[in-house]
Amino acid sequence: MLPDLSIARQKYLRFIENSETVPFSYKFSTHSSPSPFSLCFAVFGLNLINKVSLDTDDRKKLSQLIRAGLDKLRKSRKSQGIDLTNDKSYLQLLTFSLTALNIIGTLEVDGLEDHCQPLMANEVSANLDRRKVHLGVPQSGNYAMFMAIILLHATKYLNQDQSSKIDEWLAYHFKHMNRFGFWGDDSSMSHLQFQNGYHQYEIIHYLGAENPLAEDAADAVASLADSRGRFAPYPGGGGCYDYDAVAIVTSGGEKTIARHKKLLSETCSSIIRDQNEDGGFCESKLVRPRSIRKLLMALSHTASAKGKARIERLRQAVTLQRPKHDRVNGAEHWTSCRYQREWDESNLWDSYFRMSAIARIDKVLNSENSSKWNFVDYPGIGFHETSRKQA
């Protein structure tokens, strides 16, 4: 039984609204500056709870602001001599911007071709090999998703048929999939495997491809849940870890969902309990400030895991005690300033992923509530198969 989600939705809306400094300008968290990343996540959040309401002039203005933010970042990164084809911050903002433009309905007017064209992969398998995607190294999943999004976008919006490359991308991933349904060493299940592999799963789901290991992947991820139904290698969960896990478990099919119904319910309730008074969500409430209680929780969190997951949790338990981790070491480009947020500080990034995890759980456990949530019909973060528009 899930708690009443209407209050959580109202509080989340209030947090987004209070993050707006001037029209269409949003700060990442209370003490940060507005940024193009924050703008995208405000659009994502408002769309999720069906609160995007724009007239023609607003859509045009918002579209121009999204492009301007992306243009500015590209210029800055190129001036630093950075290779944009390998620049995570630029590739993130590009794909976020494409999704945001899809939400506001202007992607067909401005498909950001000048940004996408230089990134078009010529050699799919070779590029994936160079990034060691088949080995599941950290951030390789991000790159694989970026590549697929650009190819899919070019096919649908830029009149450039990349279907053969998309087929190659898919075949590559199924060829190298391990017994857990992810990529890399499969001696035991780890947090890295699903947090990295989630990105490829977004594309597999978008393509509607039949995955013979979907149930195995969902079960493997579910096995990593802690006593609160959370999935990070440190206590208190994590915005991305929890969302990635929920996305995979809820996509494993009806039998899998039925098997993990109790877990999903606890995950949802646990996340709701962690909503801050300002309506936003944070990375974790169980890392800082330090206390004996939290240290004991970290040790218990470690002891409850097995195999590589236990090693990951132990490493985090030790590393996060260092003063350099008193605040979340997030990417500065999200905030447009050097400000690093507190572990328990509300921000648009974690808030969106928390609410998205709740939405996915509500959708599979309470089908009558499906119309309350609005996902994205575009590849990547925010997509859900039920959002797909019928041709």
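Note that this is a predicted model, so its numbers are computed, not measured. Numbers here are sequence positions counted from 1.
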For this session: Keeping the roles fixed (side chain from Arg310, backbone from Ala303), state whether a donor-acceptor pair exists under 3.5 Å.
Result: yes
Exercise. Can Glu266 and Arg273 be said to form a salt bridge (Lys or Arg N to Asp or Glu O under 4.0 Å), step by step?
Worked result: CA-CA 10 Å; Glu266 174 54 31; Arg273 290 195 295 269; 3.0 Å; yes
Exercise. Does the side chain of Pro118 reach to within under 4.5 Å of the side chain of Leu84, using non-hydrogen atoms?
Worked result: no
For this session: Answer yes or no: does atom CD of Gln117 have more than 12 heavy-atom neighbours from other residues, nucleotides or ligands under 6.0 Å?
Result: yes
Exercise. Are a donor atom and an acceptor atom from the side chains of Gln200 and Tyr172 found within less than 3.5 Å of each other?
Worked result: no
Exercise. For Tyr90, is the NZ or CZ atom of Arg77 found under 6.0 angstrom from the centre of its six-membered ring and inside 45 degrees of the ring axis?
Worked result: no
Exercise. Does atom CD of Gln80 have more than 12 heavy-atom neighbours, drawn from other residues, nucleotides or ligands, at distances under 6.0 Å?
Worked result: yes
Exercise. Okay, side chain of Asp274, backbone of Ser284: is any donor-acceptor separation there less than 3.5 Å?
Worked result: no
For this session: Output, in order, the C-alpha distance, side-chain angles, deciding distance and verdict of side-chain hydrogen bond (donor to acceptor under 3.5 Å, both in side chains) for His205 and Asn211.
Result: CA-CA 9 Å; His205 293 154; Asn211 178 7; over 6 Å; no
For this session: Verify, without hydrogens or angle tests, whether Ser251 (side chain) and Ala247 (backbone) share a donor-acceptor contact under 3.5 angstrom.
Result: yes
For this session: Quick one: list whatever passes side-chain contact (heavy atoms from CB on, under 4.5 Å) with Ala8, sequence neighbours left out.
Result: Ile272, Gln275
Problem set entry | Glu368 atom CD, neighbour heavy-atom count above 12 within 6.0 Å | yes
Exercise. Phe146, Ile82: one ILVMFWY side-chain cluster at the under-4.5 Å cut-off?
Worked result: no
For this session: May I ask you to decide if the ring planes of Phe44 and Tyr352 are parallel, tilted or perpendicular, using 30° and 60° as cut-offs?
Result: tilted
Problem set entry | Atom of Ile358, atom of Cys268 and distance for their closest heavy-atom approach | CG2-SG, 4.0 Å
For this session: Mind jotting down which residue pairs meet the salt bridge (charged side-chain N to carboxylate O under 4.0 Å, His left out) criterion with at least one end in residues 196-208? Sequence neighbours excluded, please.
Result: none
For this session: Would you sort out whether Thr99 and Val43 count as a side-chain contact (heavy atoms from CB on, under 4.5 Å), showing the intermediate values?
Result: CA-CA 9 Å; Thr99 298; Val43 172; over 6 Å; no
Seminar exercise, completed: Heavy-atom closest pair (Thr250 atom, Ile257 atom, distance to 0.1 Å) is O-CD1, 3.4 Å
Problem set entry | Pair listing, salt bridge (charged side-chain N to carboxylate O under 4.0 Å, His left out) test, anchored in residues 1-21, at least two apart | none
Problem set entry | SB check Asp326 Arg288 (cutoff 4.0 Å) | yes
Seminar exercise, completed: Residue pairs passing the ring pair (Phe, Tyr, Trp, His ring centres under 6.0 Å) test with at least one member in residues 119-139, sequence neighbours excluded, are His134-His176
Problem set entry | side-chain contact (heavy atoms from CB on, under 4.5 Å) between Ile381 and Phe353, intermediate numbers included | CA-CA 9 Å; Ile381 292 171; Phe353 285 116; 3.8 Å; yes
Exercise. Do any N or O atoms from the side chain of Trp349 and from the backbone of Cys240 form a donor-acceptor pair under 3.5 angstrom?
Worked result: no
For this session: Give a yes or no on whether the ring-centroid distance for Tyr201 and Tyr198 is below 6.0 angstrom.
Result: no
Exercise. Are Asn86 and Arg131 side-chain neighbours, meaning at least one heavy-atom pair lies under 4.5 Å?
Worked result: yes
Exercise. Do Arg290 side-chain atoms and Gln321 backbone N/O form a donor-acceptor pair below 3.5 Å?
Worked result: yes
Problem set entry | Charged N-O contact under 4.0 Å between Asp242 and Arg230 | yes
For this session: Using the test side-chain contact (heavy atoms from CB on, under 4.5 Å), find all partners of Ser188 that sit at least two apart in sequence or belong to another chain.
Result: Lys308
Exercise. Other hydrophobic cluster members with Val318, side-chain heavy atoms of Ile/Leu/Val/Met/Phe/Trp/Tyr under 4.5 Å, chained?
Worked result: Leu314
Problem set entry | Residue pair Phe182, Val221: steps toward the side-chain contact (heavy atoms from CB on, under 4.5 Å) verdict | CA-CA 10 Å; Phe182 296 102; Val221 172; 3.7 Å; yes
Exercise. Any chance NZ of Lys132 has more than 12 other-residue heavy atoms, nucleotides or ligands included, within less than 6.0 Å?
Worked result: no
Exercise. Does one hydrophobic cluster hold both Leu48 and Phe24, with members joined at side-chain heavy-atom distances below 4.5 Å?
Worked result: yes
For this session: Start with the C-alpha distance between Asp114 and Arg74, add both sets of side-chain angles, then the distance that settles side-chain contact (heavy atoms from CB on, under 4.5 Å), and finish with yes or no.
Result: CA-CA 11 Å; Asp114 57 318; Arg74 176 175 61 180; 3.2 Å; yes
Problem set entry | Heavy-atom donor-acceptor pair, Glu168 side chain to Ser125 backbone, under 3.5 Å | yes
Exercise. Between the side chain of Thr302 and the main-chain N/O of Ala298, is any donor-acceptor distance below 3.5 Å?
Worked result: yes
Problem set entry | Partners passing side-chain contact (heavy atoms from CB on, under 4.5 Å) against Asn47 (at least two apart in sequence or in another chain) | Val52, Ile103, Asn374, Val376
Problem set entry | Contact list for residues 299-319, test ring pair (Phe, Tyr, Trp, His ring centres under 6.0 Å), sequence neighbours left out | none
Problem set entry | Joint hydrophobic cluster, Leu2 plus Ile7, side-chain heavy atoms closer than 4.5 Å | no
Problem set entry | Hydrophobic cluster (4.5 angstrom, side-chain heavy atoms) - remaining members for Leu286 | Met297
For this session: Give the cluster check for Ile311 versus Met189: same hydrophobic cluster or not, with ILVMFWY residues linked at side-chain heavy-atom distances below 4.5 Å.
Result: no
Problem set entry | Residue pair Leu263 / Ala222: nearest heavy atoms and the distance that separates them | CD2-CB, 3.8 Å
Problem set entry | Donor-acceptor pair, side chain of Ser370 and main chain of Ser367, under 3.5 angstrom | yes
Problem set entry | Lys294 (side chain) donor-acceptor with Pro289 (main chain) under 3.5 angstrom | yes
Exercise. When clusters are formed by joining ILVMFWY residues with side-chain heavy atoms under 4.5 Å apart, either directly or through shared neighbours, do Leu192 and Ile248 land in the same one?
Worked result: no
I'd like a table of donor-acceptor pairs (distance under 3.5 Å, sequence neighbours excluded) in which one partner is a side-chain atom from residues 57-65, with atom names and distances.
{"from": "Arg59", "atom 1": "NE", "to": "Leu54", "atom 2": "O", "distance (Å)": "3.4"}
{"from": "Arg59", "atom 1": "NH1", "to": "Ile104", "atom 2": "O", "distance (Å)": "2.5"}
{"from": "Ser63", "atom 1": "OG", "to": "Thr106", "atom 2": "OG1", "distance (Å)": "3.3"}

Seminar exercise, completed: In short, Ala220 meets Phe180 closest at the heavy-atom pair CB-CD2, 3.9 Å
Exercise. Between Asp87 and Lys78, is there a side-chain N and carboxylate O pair less than 4.0 Å apart?
Worked result: no
Problem set entry | Ser97 side-chain N/O to Leu93 backbone N/O, donor-acceptor pair under 3.5 Å | yes
Exercise. Which ILVMFWY residues can you reach from Val137 by hopping between side chains whose heavy atoms are under 4.5 Å apart?
Worked result: Leu135
Exercise. In terms of heavy-atom contacts, does NZ of Lys363 have more than 12 from other residues, nucleotides or ligands at under 6.0 Å?
Worked result: yes
Seminar exercise, completed: Residues Gly141 and Asn196: closest non-hydrogen pair is N-OD1, 2.9 Å
Problem set entry | N-O pairing of Asp226 and Arg313 below 4.0 Å | no
Problem set entry | Listed partners of Ser351 passing side-chain contact (heavy atoms from CB on, under 4.5 Å), at least two apart | Tyr12, Phe15, Phe281
